[in-house]
Amino acid sequence: MAGNNGSSASSKGLIVSFGEMLIDFVPTVSGVSLAEAPGFLKAPGGAPANVAIAVTRLGGKSAFVGKLGDDEFGHMLAGILKENGVSGDGINFDTGARTALAFVTLRADGEREFMFYRNPSADMLLTPEELNLELIRSAKVFHYGSISLIVEPCRSAHLKAMEVAKDAGALLSYDPNLRLPLWPSADEAREQIMSIWDKADVIKVSDVELEFLTGSDKIDDESAMSLWHPNLTLLLVTLGEKGCRYYTKNFHGAIDAFHVKTVDTTGAGDSFVGALLCKIVDDQSILENETRLRDILTFACACGAITTTKKGAIPALPNESDALSLLKA
């Protein structure tokens with residue numbers, strides 16, 4: 001099969017990303033608690049939105065489905081999607097609720113500290129009736145997280161969108177993207193994240209999420225395979241600076257990480273996912289061919305690595321030539 005790298009985005013399969021988009025407020029200096037921060041910079045984010053932009057940055061075709069506040073920040077975020085070539089045909093605006101905000105800091109010990117303003121925020125208020133079903137049905141890949149499962153009516157909108165995409169033949173891609181402070185309890189988080197587990201074709205979890213979901217402190221093949229389900233095509237476990245592991249029905253293995261000077265890990269997982277989806281959307285047979293899959297996962301790891309070398313998620317998402325330069329080096 002010939003490669004399609006030369007084809008235009010319009011002829012490529014559509015990747016629809018569903019969920020939240022928000023603004024992270026990040027301290028102007030690093031290594032401080034939120035209380036100690038002298039000031040904050042606006043950084044647009046939200047994992048599903050990051051994935052949509054990661055796709056277009058690499059020359060793919062994507063759309064974002066979600067709800068923003070009908071406020072300055074909501075329109076700013078919609079503008080960022082548009083500037084990055086992401087279709088906004090699935091965006092709704094809520095006149096009554098604000099766009100979600102998160103204050104995020106990287107403490108001196110390297111851990112992230114979050115404080116969310118969502119009471120409720122616009123993304124939580126998306127209803128099934130507001131979904132652009134035509135857009136969702138045209139997706140070759142439908143990608144989502146778990147934050148949209150936390151409360152109604154967004155949860156029902158999420159389940160409906162997933163069902164419509166699946167019925168229309170889309171590949172379902174799931175990155176739980178655990179944010180414990182947003183859930184009522186850890187048990188509820190685990191239960192809801194697992195409630196849609198067996199629907200997905202491709203699942204990506206981090207090492208931390210693997211430990212959380214399995215209750216085991218082992219990051220090994222046995223622990224990962226305990227998350228396998230019969231409908232799954234590909235399970236990925238990302239290991240930060242140790243690369244990633246992959247599992248399919250017929251083979252499994254590991255991909256080494258790229259060694260780069262890490263500044264900020266925000267968005268690295270989203271960059272990895274966007275790169276993978278971008279490369280398989282038009283040829284899902286790659287998922288059954290280990291040699292080709294390894295090449296694509298190596299490319300995705302390179303994209304994730306590059307994203308850690310700059311502050312913020314969206315500005316740090318690489319284009320194809322950035323990734324190829326790292327691969328060559």
Side-chain angles (χ1 to χ4, degrees), residues 4-5 9 12-22 43-66 77 80-88 90 139-147 165 170-177 200-206 234 236-238 240 243-244 246 255 257-258 264-284 286-287 293 295-310 312-324 326-327:
N4 61 353
N5 293 348
K12 294 190 173 175
L14 177 66
I15 296 165
V16 172
S17 204
F18 175 92
E20 69 287 346
M21 187 175 194
L22 62 148
N50 293 342
V51 169
I53 294 173
V55 167
T56 58
R57 198 67 59 87
L58 292 167
K61 187 178 171 191
S62 70
F64 175 74
V65 173
L77 293 176
I80 287 167
L81 288 169
K82 192 177 172 183
E83 278 160 33
N84 282 282
V86 176
S87 162
K140 280 264 183 72
V141 172
F142 184 73
H143 175 75
Y144 47 88
S146 70
I147 289 174
L171 176 98
L172 298 193
S173 162
Y174 184 21
D175 175 357
N177 209 9
D201 301 295
V202 174
I203 295 176
K204 176 241 142 186
V205 290
S206 68
L234 175 63
L236 295 161
V237 181
T238 55
C244 77
Y246 58 89
I255 303 286
F258 289 85
D264 176 11
T265 58
T266 311
D270 304 326
S271 180
F272 174 88
V273 170
L276 169 73
L277 298 180
C278 194
K279 293 296 181 188
I280 65 172
V281 64
D282 293 314
D283 184 5
Q284 295 176 16
I286 289 168
L287 299 172
L293 181 62
D295 286 347
I296 278 164
L297 291 174
T298 303
F299 176 83
C301 281
C303 289
I306 291 167
T307 308
T308 69
T309 62
K310 287 189 201 157
I314 293 170
L317 296 168
N319 59 30
E320 184 103 6
S321 65
D322 296 332
L324 295 176
L326 182 57
L327 287 169

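All residue numbers in this chain count up from 1 along the given sequence.
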(request) Compare all side-chain heavy atoms of L297 with those of L276 and state whether any distance is below 4.5 angstrom. (result) yes
(request) Output all residues satisfying salt bridge (Lys or Arg N to Asp or Glu O under 4.0 Å) with D201, sequence neighbours left out; order by chain, then residue number. (result) K166
(message) Let's go through L171 and F142 carefully: what are the C-alpha distance in whole Å and the side-chain angles of both, what is the deciding distance for side-chain contact (heavy atoms from CB on, under 4.5 Å) to 0.1 Å, and is it a yes or a no?
(response) CA-CA 6 Å; L171 176 98; F142 184 73; over 6 Å; no
(message) For a quick test of reading the model, state the closest non-hydrogen atom pair linking V281 to C278 and the distance between them.
(response) CG1-O, 3.6 Å
(message) Testing the basics here: between Y174 and A200, what is the closest heavy-atom pair and its distance to 0.1 Å?
(response) CB-CB, 3.8 Å
(request) Evaluate the side-chain proximity of D175 to V51: yes if any heavy-atom separation is below 4.5 Å, no if none is. (result) no
(message) Has R57 got a side-chain atom pairing as donor or acceptor with P318's backbone, closer than 3.5 angstrom?
(response) no
(request) Please confirm whether the backbone N or O of I280 pairs with a side-chain atom of D283, one donor and one acceptor, at under 3.5 Å? (result) no
(request) Carefully, step by step, assess V273 and H143 under the rule side-chain contact (heavy atoms from CB on, under 4.5 Å). (result) CA-CA 9 Å; V273 170; H143 175 75; 3.5 Å; yes
(request) Could you tell me whether the side chain of T238 reaches within less than 4.5 Å of the side chain of V205, counting heavy atoms only? (result) no
(message) Has D264 got a side-chain atom pairing as donor or acceptor with G312's backbone, closer than 3.5 angstrom?
(response) yes
(message) For the CD1 atom of I296 and the NZ atom of K279, what is their distance to the nearest 0.5 Å?
(response) 7.0 Å
(message) How close do P48 and S17 get, counting heavy atoms only, and between which atoms?
(response) O-OG, 2.7 Å
(message) Contact between L81 and L77 at the side-chain level, heavy atoms closer than 4.5 Å - yes or no?
(response) no
(request) Indicate yes or no for a side-chain donor-acceptor contact from S146 to the backbone of P176 under 3.5 Å, with no hydrogens or angles considered. (result) yes
(request) Using modelled atom types only, decide if a donor and an acceptor are shared between the side chain of N84 and the backbone of V86 within a distance under 3.5 Å. (result) no
(request) State, with a plain yes or no, whether a side-chain heavy atom of L327 is found less than 4.5 Å away from one of F258. (result) yes
(message) Using side-chain heavy atoms (C-beta onward) and a distance below 4.5 Å, is L172 in contact with Y144?
(response) yes
(request) Identify the two heavy atoms, one from I80 and one from P44, that lie closest to each other, and give their separation to 0.1 Å. (result) CD1-CG, 3.4 Å
(request) Go through the structure and list residues passing side-chain hydrogen bond (donor to acceptor under 3.5 Å, both in side chains) with T265, not counting sequence neighbours. (result) none
(request) Find out whether L234 and L236 are in side-chain contact, i.e. whether some heavy atom of one side chain is under 4.5 Å from a heavy atom of the other. (result) yes
(message) I need the I15 CD1 to S173 OG distance, nearest 0.5 Å.
(response) 8.5 Å
(message) Please check: side-chain N/O of T307 versus main-chain N/O of A268, any donor-acceptor pairing under 3.5 Å?
(response) no
(request) Write down the atom of I286, the atom of L293, and the distance for their closest heavy-atom approach. (result) O-CB, 3.7 Å
(message) Could you report the tightest heavy-atom contact between A54 and L317, atom names first, then the distance?
(response) N-CD1, 3.7 Å
(message) Taking G13's backbone N and O only, do any of them form a donor-acceptor pair with D282's side chain (distance below 3.5 Å, no angle check)?
(response) yes
(message) Going by side chain to side chain contact (heavy atoms under 4.5 Å, CB included), name the residues that satisfy it together with A275, two or more places apart in sequence or in a different chain.
(response) L58, F299, A300, C303
(message) Within the 4.5 Å heavy-atom criterion, are F272 and C244 side-chain neighbours or not?
(response) yes
